[in-house]
Amino acid sequence: MIEENEQIQVRKKKLTALKERGVRTYANDFFPLHTAAELHQRFAAATTEELEKREETFSLAGRIMSLRYFGKAAFFHLQDRSGQIQVYVRQGDSPPEAVTLLKESLDVGDLVGVTGPVFRTRTGELTIKATTLRLLSKALRPLPEKWHGLQDVEVRYRQRYLDLIVNPQVRDTFRKRAKLTQLIRQFFIERDFLEVETPIMQSLAGGALAKPFITHHRTLDIDLYLRIAPELFLKRLIVSGVDRVFELGRNFRNEGISTKHNPEYTMLEFYQAYATYEHMMMLTEELLVFLAQELQGGSRLTYGEHEIDLTPPWRRLGMVEAVCEYAGLSAEEIEREDVVRAKARELGVLPYAAAPLGKVIEELFGAVVEPHLIQPTFVVSYPVEVSPLARRNDADPRFVDRFELYIAGRELANAFSELNDPEDQLQRFLEQLREREAGDEEAHALDEDYIRALEYGMPPTAGEGIGIDRLVMLFTNSPSIRDVILFPQMRPEKK
RNA sequence: GGGGCGGUAGCUCAGCAGGUAGAGCAACGGCCUUUUAAGCCGUGGGUCGCGGGUUCGAAUCCCGCCCGCCUCACCA
């Protein structure tokens with residue numbers, strides 16, 4: 001891990017030489033008052049002559065990103081949190097110690113403080129004429145090459161700090177992500193939702209169908225699960241009278257890693273009492289249009305090869321109808337269990353043998369329908385077997401009042417009218433236990449305290465979860481979830 | 001877990017009819033006071049992912065392993 005290549009040695013020598021000359025290395029007494037973007041903005045319209053006349057000096061700090069020497073002068077680009085600006089150092093204009101420092105001790109990658117007035121070069125670039133130049137922190141390792149930058153995706157993910165230094169579009173992605181979560185909070189707070197934080201360590205991993213991570217509490221001497229969803233706690237809060245509640249936080253699922261899955265990911269869940277999943281559809285349309293408007297000023301966006309239009313209302317598609325349409329089954333055939341199972345077998349998506357019919361239909365849906373749902377589509381009417389926490393449909397109790405939102409062939413949100421009948425909820429949990437015994441590892445566990453909470457009375461409520469990482473992927477046109485997670489899960493580096 | 005592709009200098013990449021490793025950038029030395037992929041001259045730098053095997057000889061061929069990306073299956 002501690003490697004000493006030639007370039008590191010050279011940089012260490014430069015640092016040692018400075019110390020020997022009495023220069024304070026790693027100084028912390030330079031305080032910049034300006035940023036690159038600020039100066040660019042302020043002097044965008046100023047002519048060369050106007051700049052010549054001003055005597056104001058500015059101070060900036062940042063990283064040297066490129067360096068061009070020639071003779072007794074040099075140019076470099078300084079990068080701070082706002083962007084880049086060019087700096088000019090010239091014997092005569094800059095003090096001798098600045099020229100010497102640059103020539104003998106500074107490299108691309110070093111962090112420096114600069115002060116001086118601005119001017120425009122012959123080619124018109126706004127530039128700071130350095131009247132002071134100080135090393136603030138030495139980069140002992142060289143930055144990646146200047147034109148191709150850092151390409152190796154493994155290094156980009158493992159050493160994200162480096163990726164962020166050299167790839168501006170990566171910085172933009174994460175700024176956009178921050179903006180997006182900020183806008184989501186604004187959206188829900190404006191609508192009188194309360195933001196809460198519920199337990200991440202839970203003694204029972206409920207609220208979704210997934211495999212959890214297990215950890216151990218020493219003092220209590222019990223195993224705890226990292227949550228797979230905050231759902232059951234948020235609905236306890238609905239019981240308590242909060243009525244409108246949301247949480248933006250991390251979920252953990254012990255499943256595969258892929259371009260769409262990271263073991264820990266960010267989920268938005270929100271619940272509204274005295275509402276149904278129909279209201280959630282409208283709220284979702286509003287939310288995404290709001291986000292699109294604020295993030296990019298319009299409701300159309302490009303994702304890979306697709307042009308996506310978020311203008312509401314969005315298409316609504318029954319799950320069973322969708323499977324019929326895309327799997328080529330008739331309305332009569334989809335009612336016949338043997339035909340449905342045969343189709344699943346044919347497509348190689350039949351889950352474990354004893355899987356209930358609803359589960360098989362859901363599998364078929366994933367295989368034949370999902371990839372076609374490019375424009376925003378609410379898929380509605382889910383089989384009750386795959387939705388143990390959702391309210392049954394009044395007209396057809398084999399189905400629940402639930403939807404999933406698909407955009408760009410990918411599930412983005414899951415919502416339903418909540419099941420608030422404690423007796424039905426208990427029966428659903430018991431059914432899940434039977435399925436667990438029949439081989440479904442992801443069947444929901446029985447949460448007795450949750451039943452008890454429902455027995456105190458939960459208002460009719462609708463709730464929804466939105467995968468934030470996938471939403472960010474959509475708005476930043478990122479092909480992989482790793483592109484929107486700062487430090488994605490990777491295998492540890494071997495020694 | 002299955003399939004495909006990849007790992008060579010600090011970075012980006014060539015080299016793979018087997019004959020002891022190369023370019024550009026970066027580094028080092030020199031020239032150059034408005035450059036911006038600055039330019040010109042010169043120099044150094046590699047356990048060719050790891051371990052075996054075949055061979056007189058392996059970055060190159062074979063086997064195993066490690067790491068990554070893509071893809072399929074489960075999940076959001």
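Naming: A, B, ... by sequence-line order, numbering from 1 per chain. None of these values were measured; they are calculated from a predicted model.
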Which part of the nucleic acid does Ser66(A) contact within heavy-atom distance under 4.0 Å: base, sugar-phosphate only, or nothing? nothing
Heavy atoms under 4.0 Å, any strand shown: does Glu6(A) hit a base, just sugar-phosphate, or nothing? base
With heavy atoms under 4.0 Å as the rule, sort Arg482(A) into base, sugar-phosphate or nothing. sugar-phosphate
Classify Gly467(A) by what it touches in the nucleic acid, base, sugar-phosphate, or nothing, heavy-atom distance under 4.0 Å. nothing
When rounded to the nearest Å, what value does the distance between C1' atoms of G7(B) and A14(B) take? 15 Å
Would Phe75(A) count as stacked on U35(B) if the rule is ring centres under 5.5 Å and plane angle under 30°? yes
Please determine if a side-chain N or O atom of Arg253(A) lies less than 4.0 Å away from the OP1 or OP2 oxygen of C74(B). no
Just the atom pairs and distances: protein N or O near nucleotides 4-6 of chain B's N or O, under 3.5 Å.
none

Using heavy atoms and a sub-4.0 Å distance, could you list which residues of residues 106-121 of chain A are near RNA chain B? By number, please. Phe119(A), Thr121(A)
Arg11(A) near the nucleic acid: base, sugar-phosphate alone, or nothing, with a heavy-atom cut-off under 4.0 Å? nothing
Could you check which of C70(B), C25(B), U34(B) has an atom nearest any side-chain atom of Lys146(A)? C25(B)
How would you list, by chain and number, every residue that makes a side chain to side chain contact (heavy atoms under 4.5 Å, CB included) with Gln84(A), sequence neighbours excluded? Met65(A), His77(A), Gln79(A)
By the 4.0 Å heavy-atom rule, please label Arg491(A) as base, sugar-phosphate, or nothing. sugar-phosphate
Need one value for Gly92(A): base, sugar-phosphate or nothing, where a base atom within 4.0 Å counts as base even if backbone is also close, heavy atoms only. nothing
Select base, sugar-phosphate, or nothing to describe what Lys13(A) touches, counting heavy atoms under 4.0 Å on all strands. nothing
Name the nucleic acid region contacted by Asn262(A), choosing base, sugar-phosphate or nothing; use a 4.0 angstrom heavy-atom cut-off, strictly under. base
With sequence neighbours excluded, residues passing side chain to side chain donor-acceptor pair (under 3.5 Å) with Glu286(A): Arg191(A)
Which residues pass the side chain to side chain contact (heavy atoms under 4.5 Å, CB included) test with Leu51(A), sequence neighbours left out? Phe43(A), Ala46(A), Arg54(A), Val118(A), Arg120(A), Leu126(A)
Side chains of Glu145(A) and His148(A), donor plus acceptor under 3.5 Å: yes
Just checking Gln7(A): base, sugar-phosphate only, or nothing, at a heavy-atom cut-off of under 4.0 Å? base
Is the side chain of Asn251(A) donor-acceptor paired with the backbone N or O of Ile228(A) at a distance under 3.5 Å, no angle test? yes
Taking N and O atoms by type only, does the side chain of Gln86(A) place a donor or acceptor under 3.5 Å from a partner on the base of U35(B)? yes
For Lys260(A), answer base if it contacts any base atom (sugar-phosphate contacts may also be present), sugar-phosphate if it contacts only those atoms, and nothing otherwise; contact means non-hydrogen atoms under 4.0 Å. base
Only counting residues at least two apart or in another chain, list the ones meeting side chain to side chain donor-acceptor pair (under 3.5 Å) with Glu154(A). Arg158(A)
Ignoring hydrogens and angles, does a donor from either the side chain of Arg122(A) or the base of U34(B) sit under 3.5 Å from an acceptor on the other? no
